[in-house]
Amino acid sequence: MKSWVIAVVIGLGLAGCTSQAIEQMNSGLSSALGQHVSSLEDALGKPAEVVREGNQTRYRWFKESHIEPCNVEVWADVEGLVRKTSWTGYRGACEAFADGLTRVFPTK
């Protein structure tokens, strides 16, 4: 019985960390909308890929993981203002990105 209770407590603790990373990713990328892409570079580092697509530029940050990689994509207009963001991946792989976003775009 004790081992079951300990396992539940550890599971809930890990779930809390995971949901915090999700919230940080969603909140940070939402706050980046309308900001210059250089703010995201401050938060996430140098993009792994920069591709011009029509009148927008797509920036991609990537972090490898044994479970599932973290992939962040951002589209900016010709002035460098962020117009669209998305991310996918294992939350654990995204924690470093989430921490950077929180540092540059603190939650209110």
Side-chain angles (χ1 to χ4, degrees):
M1 181 70 165
K2 284 184 180 181
S3 61
W4 180 81
V5 171
I6 292 171
V8 169
V9 169
I10 290 172
L12 289 173
L14 291 174
C17 292
T18 301
S19 62
Q20 181 180 5
I22 292 170
E23 176 58 31
Q24 289 172 324
M25 290 294 291
N26 291 337
S27 175
L29 290 174
S30 178
S31 295
L33 290 170
Q35 302 296 315
H36 196 272
V37 74
S38 62
S39 296
L40 279 170
E41 290 174 332
D42 291 342
L44 305 176
K46 183 179 178 182
E49 181 179 78
V50 178
V51 178
R52 183 89 172 141
E53 295 180 356
N55 63 349
Q56 293 190 333
T57 303
R58 181 175 54 88
Y59 297 82
R60 187 172 78 89
W61 288 265
F62 181 81
K63 179 147 176 57
E64 192 62 58
S65 170
H66 294 293
I67 297 173
E68 183 182 354
C70 185
N71 189 54
V72 177
E73 290 188 337
V74 171
W75 290 263
D77 63 17
V78 293
E79 295 173 353
L81 301 179
V82 175
R83 296 300 176 197
K84 180 180 173 187
T85 65
S86 70
W87 72 277
T88 60
Y90 174 61
R91 283 84 175 157
C94 293
E95 285 178 350
F97 289 156
D99 290 342
L101 287 167
T102 300
R103 180 179 44 79
V104 174
F105 304 104
T107 55
K108 297 172 185 168

Item to check | Step-by-step side-chain contact (heavy atoms from CB on, under 4.5 Å) determination, Asn71 to Phe97 | outcome: CA-CA 10 Å; Asn71 189 54; Phe97 289 156; over 6 Å; no
Checklist entry - Considering only heavy atoms from C-beta outward, does the side chain of Cys94 approach that of Lys63 to under 4.5 Å? => result no
Checklist entry - Hey, are the side chains of Gln24 and Glu95 touching, using non-hydrogen atoms and a 4.5 Å cut-off? => result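 A side-chain contact is absent here, since even the closest heavy-atom pair is not under 4.5 Å.
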What's the spacing between [X] [atom1] and [Y] [atom2] if we round to 0.5 Å?
| X | Y | atom1 | atom2 | result |
| --- | --- | --- | --- | --- |
| Ser31 | Asn26 | OG | CG | 10.5 Å |
| Ser27 | Gln20 | OG | CD | 11.5 Å |
| His66 | Glu64 | NE2 | CD | 8.0 Å |

Ignoring hydrogens, what is the shortest heavy-atom contact between [X] and [Y]? Give both atom names and the distance.
| X | Y | answer |
| --- | --- | --- |
| Met25 | Val72 | CE-CG2, 3.7 Å |
| Ser65 | Tyr90 | OG-CD2, 3.7 Å |
| Val74 | Trp61 | CG2-CZ3, 3.8 Å |
| Phe105 | Gly28 | CD1-O, 3.7 Å |
| Ala93 | Pro69 | CB-C, 4.4 Å |

Going only through I, L, V, M, F, W and Y residues with side-chain contacts under 4.5 Å, is there a path from [X] to [Y]?
| X | Y | result |
| --- | --- | --- |
| Trp87 | Val51 | no |
| Leu33 | Leu44 | yes |
| Leu81 | Val104 | no |

Next on the checklist: Quick check against the 3.5 Å criterion: does Arg103 have a side-chain atom that pairs as donor or acceptor with the backbone of Asp42?
Outcome noted: yes
Checklist entry - Would you call Arg58 and Glu49 a salt bridge, taking side-chain N to carboxylate O under 4.0 Å as the test? => result yes
Next on the checklist: Between Leu101 and Leu40, does the side-chain contact (heavy atoms from CB on, under 4.5 Å) criterion hold? Intermediate values first, please.
Outcome noted: CA-CA 7 Å; Leu101 287 167; Leu40 279 170; 3.6 Å; yes
Next on the checklist: What verdict does the side-chain contact (heavy atoms from CB on, under 4.5 Å) test give for Arg83 and Thr57, after you've listed the backbone C-alpha separation in whole Å, the side-chain angles of each residue and the deciding distance to 0.1 Å?
Outcome noted: CA-CA 10 Å; Arg83 296 300 176 197; Thr57 303; over 6 Å; no
